[in-house]
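Written out below as C-alpha cells is the structure these notes cover.
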Amino acid sequence: MHYKIPGKFLIIGSVILIFSLLTQLVPAGMCIVAASNVINISSAEDLLAAQDYLKEHSEWVTFNQTCDIKVSPYTYDYKQDAHRIEIAWQGDVEAYYDVDDGQYYSSLTATGPAMDYQWRVASWTPLGSGGVMGSYDYQGNGHTIEGIYQKKTSVGNDVASGIFYQSGSIKNVTVKNYFGIGKNMEKLSVLGNEITGMYGCKAENVQLAAMGSGYNTCMGFVGELGGTVKDTTVNANLFATARNGDRDILQPGWYRMGILGGQCGSVTIENCHTSGLIRNAGREMYAAGGIVGYGATGYTGYNTVLRYCDSDVTIDGDFEGAGGIMGIQDEAGMLVEHCRFDGKIRIADHWQDRYFNGAGGICGKFTCGVINACVNYGTVRGSYGYYGGIAGFAGSGEISNCINEVEIGGGFADEQGYESGDLFAGGIAGYMGNKDAWKKGLSVLNCGNRGTIISRSGSAGGVTGCQNGELSEIANVWNDAEITTKSEADSVTGTWISGSREHCIDGTQSTPEELCKSLNQWIASADMEEHFTMEGSDPLSAWEVVDDRLQIKVSQSPSEQTSVPVQTLTATILPGILPSDTPDASTQPQPESPQPGLSVTEQSNTSQETPKGTPGADRKPGTTKSKETTGSKGAAASQKVKWKAPVFSLHRKKSVDGQSYILLKVGKHQGDYVEVWARIGKRRYTKLKLSQNRLSILNNKLKFRYSFSGKKLYFKLRTYQIKKGKKKYSIISKAKGIVTR
C-alpha cells in the first residue's frame, strides 16, 4: 500500500508514458539505427536481428533497449519443500523440474518414471555468440527481458550461456523469469559471460541448475566476474544436481557457485545486493558465496575489491567453503569492506574421508587480504570444520572493525560417539593461523562478538575457536556472549596453540560504556605499525554506545561518504506528533507543516515482493540492531498500563526496483495493533498514518521509504488491543535510530 505521490511526479510520469508510446512504433523484427553506431531494440525479434548484425559488421555498436521485452510467457516458481521448480505457460502449470535429480515430473509429489517434457520455445542463443565479428555495449534503460528458457550441454571451450556474450558493458537491464540448465558447462550464467562491466542490472525469479562433472564450473548471475560491477541486485536460486547411477554424478571440488558470480579475478564489486538460495544435494562441492563463490587474484595490491555489498542468501549443502559474501578466497590481494550478511548457512553432514570445510558470515575460507568493517547477522551452522561469524578459516592478512551478532556453531552430538575436535567455532574466525606465513601472518583487530558460540564436539571462543600460528595476533577485541562447548572454551580463543593476544575484554563483565572507553583508549595509544599486516589498511574505527549497545562509530564526515549513488523517491511525511506521556495522540496539536522526505509502505506478504539487501553507502557494522528497551514511565503513570513496551528492530533495505526503505520488525509484543512515530534528526516526532496497522496482517513488518541519505531516523511505537470498543495500550517504547544511506 502506497500513499499518493506528489503531482510533479505525475507530470514526469506522463512524459515517460508519451515517450514509451512513441518508442513502441518501432516495427518488430527490425533494428532501427537511432544514431551513429546506436541500434534500438524493442522486441525479441530485434535481439535476433542484432545477432545477425554482429555477424556482418565488425565496428563497435551500442544496443539500446526501448521497452520491456517478453521472450515467452513462461514463468517459474521454486517450491522449496518439494525441491522442484514449477514450470507454467501463460499461468498454466505444465511440469515440475526436480533440482535434486534433474528430471521432470507431473506434480510436486510424483515419483517413479519421470516425464518427457517438451519445451514450447527453443533454447535461447546468447547475443554475441556463434562466431560474430562485432563487439557491443548494451543499454537496458531499466527495461526487462522476461521469460527465457535456456539449456546448454556443450563442453570444452563453448562457454556461451546466458543472454549476452563477449560484450563491453551491460547497463540497467532487468532479467525476469529465467530458467537455465547447464550440463558439463565451464561457465553457467544468466546475464552472460566475458562481460567487461555490469552496472545497475537486476535479476528477479531466476532458476539456474547445473549437472555434470569433470569441469571447474562457475555458475551465477555471471559465471566469471571481471572489470567493474556496480549497483546490481540479484534474486536467484542456484542448484547443483546429482544424478545417482549416472556417469555424471557430481564430484568434489568442481563447482564455484555465487548468486552474483561463480568466480572473480581482478574486479571491483560495489553496492550489490543478493538474495535467494544455493543448494547442493550431493557430496562436497568446492565453494558457495552469497555474492561470489570463489575469488582468485594476484599477489600485488588489492586486485579484487568487494565493498558496500550485502546478501540475504540461504546456502544449504556440502561445500568446502561457504560464505555469506564469498565462499573461498584462494590467493592474496583481496579487500572486502563494509559488507553485511543476513542469510543462513548450513553445511551438510557429508564429512567422511575429506578435509575440514569452512563457513563464515563473510567468507568461508580466507587465505589472505583484508576484511574490514563488516557485520554478520546470518546464522552459520554445521557439524564438521571451521565456523566463524566473519571467516570460517582465516590464513593470513587482516580482519578489522568487524562484529558478529548471531549464533555460530554446531558439531556432533555426544551420543554419536565421534571424537572431539571435529568443529572449531568462533565469533570472528573458526580457525586462524598462518597460510604460508605470508607477510606478518594474520591479525584480528578491533572486533567484537555478541552471538552465542556453540561447539558440541570441538573448541569454541568468543573471537576464534583455535589460534595457531606464531605470526597470528588478536588485539583490542571483546566478547559479550555465552560460549558453549564440552571441550575447550574461552572468551577469546577456544584452543590457543601459538600467537599473541593483547587487550582482549570479556564484555560480560563490563558495561557498554566501560567497554567503549577501554577500546577507544587502546586505539588512541597503540602503535598501529606494529599490528597491521597489510599495507594500505584503513585505520581502526572508534566505538560508541547507542541505546545501551556498543557499536562501531558512524562518521558523518562528507570525506568518508561513499561515491555509490543512492536511489531515492521523494514523498511527504504525514502529519501528527508523538505524545510525550499520553497513550492517545488524538488530543495533541498537529505540526504547522509536514516534514519532507519520508513516507510509509506496509505489506502483509513479503514473499511476493522480495526486497533483499541494504543500501551500500557507507555501511558500518553494528548500526541496525538494538537492545530490547522498556517504555516510557510517563505513559504508565497517566493510565494503568500493564503491557510492556514492544520490542522492535530497524534494518536498512532496498526493494527490487531500487527503492531504499527502512524495515521495522516488531518482535515480542502484546496486542494486535501498532502505532508508530518517527522523526528526522532533531525534528519533532510525527505519528505515521498507517493504512493497515494490524500486526498479524503485516506479518509484524512495516516498511518506511525515505528520500535522503546521511541522516538519522528515530522511531517509537506501541501496541494495543481493542476489546469491547476500548483500547488497551502498551507502554511506548524508547526510541531507536538508524542512519539512512
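Atom set for the values below is all heavy atoms of this structure, side chains included, hydrogens, waters and symmetry mates excluded. Positions are given from 1 along the sequence.
Here N64 pairs with V38, N40, T66, Q139, N141 under the side chain to side chain contact (heavy atoms under 4.5 Å, CB included) rule; sequence neighbours left out. In terms of the ring pair (Phe, Tyr, Trp, His ring centres under 6.0 Å) criterion, W60 has no residue partners (sequence neighbours excluded). Residues satisfying the side chain to side chain contact (heavy atoms under 4.5 Å, CB included) criterion with Y386, sequence neighbours excluded, are F356, F393, F424, Y431. Taking the side-chain hydrogen bond (donor to acceptor under 3.5 Å, both in side chains) definition, one finds that Y76 meets it with nothing, sequence neighbours left out. S167 meets the side chain to side chain contact (heavy atoms under 4.5 Å, CB included) test with Y136, I170, I195; sequence neighbours excluded. Shown here are the side-chain hydrogen bond (donor to acceptor under 3.5 Å, both in side chains) partners of Q65, two or more places apart in sequence or in another chain: Y138. Not counting sequence neighbours, the partners of Y149 by the ring pair (Phe, Tyr, Trp, His ring centres under 6.0 Å) test are W119. With sequence neighbours excluded, no residue forms a side-chain hydrogen bond (donor to acceptor under 3.5 Å, both in side chains) with K151. Applying the side chain to side chain contact (heavy atoms under 4.5 Å, CB included) criterion to R279, with sequence neighbours excluded, gives Y78, H83, V99, D100, F239, L277, A281, D316. Judged as a side-chain hydrogen bond (donor to acceptor under 3.5 Å, both in side chains), and not counting sequence neighbours, the contacts of D116 are Q118.
Within the structure, salt bridge (charged side-chain N to carboxylate O under 4.0 Å, His left out) contacts touching residues 47-60 (residues at least two apart or in different chains) do not occur. For residues 120-140, the salt bridge (charged side-chain N to carboxylate O under 4.0 Å, His left out) pairs, not counting sequence neighbours, are E94-R120.
Relative to the six-membered ring of Y105, R84 meets both conditions, a distance below 6.0 Å and an angle of at most 45° to the axis. Annotation: cation-pi geometry not satisfied between K230 and Y199 (NZ/CZ under 6.0 angstrom from ring centroid, within 45° of ring axis). Note that K653 lies outside the cation-pi zone of Y661, set by a 6.0 Å cut-off to the ring centre and a 45° limit from the axis.
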Between S169 and T196, does a side-chain contact (heavy atoms from CB on, under 4.5 Å) hold up when you go through it step by step?
CA-CA 6 Å; S169 62; T196 302; 5.9 Å; no

List the steps, then state whether ring pair (Phe, Tyr, Trp, His ring centres under 6.0 Å) holds for Y286 with Y255.
CA-CA 5 Å; Y286 190 45; Y255 274 70; over 10 Å; no

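With respect to the salt-bridge test (charged N to carboxylate O, under 4.0 angstrom), the residues D81 and K79 do not qualify.
Between the side chain of E204 and the backbone N or O of A236, no donor-acceptor pair lies under 3.5 Å. Judged by distance alone, the side chain of S189 and the main-chain N or O of S161 form a donor-acceptor pair under 3.5 Å. At least one donor-acceptor pair closer than 3.5 Å links the side chain of Q150 to the backbone N or O of W124. Put simply, the side chain of N376 gets close to the backbone of G378: a donor and an acceptor are under 3.5 Å apart. Side-chain atoms of D68 never come within 3.5 Å of backbone atoms of H143 as a donor-acceptor pair (strictly under, hydrogens ignored).
When side chains are defined from C-beta on, M219 does not count as touching Q263, because their heavy atoms never get closer than 4.5 Å. The side-chain heavy atoms of V305 and M334, taken from C-beta on, include no pair separated by under 4.5 Å.
The only option from R340, H273, R652, K654 that meets the side chain to side chain donor-acceptor pair (under 3.5 Å) definition with D310 turns out to be H273.
When only modelled atom types and interatomic distance are considered, Y387 and N357 share a side-chain donor-acceptor pair under 3.5 Å. Under the 3.5 Å distance criterion, with hydrogens and angles disregarded, a donor-acceptor pair is assigned to the side chains of T274 and S311. For the residue pair E146 / N177, a side-chain donor-acceptor distance below 3.5 Å is found, with atom types taken as modelled.
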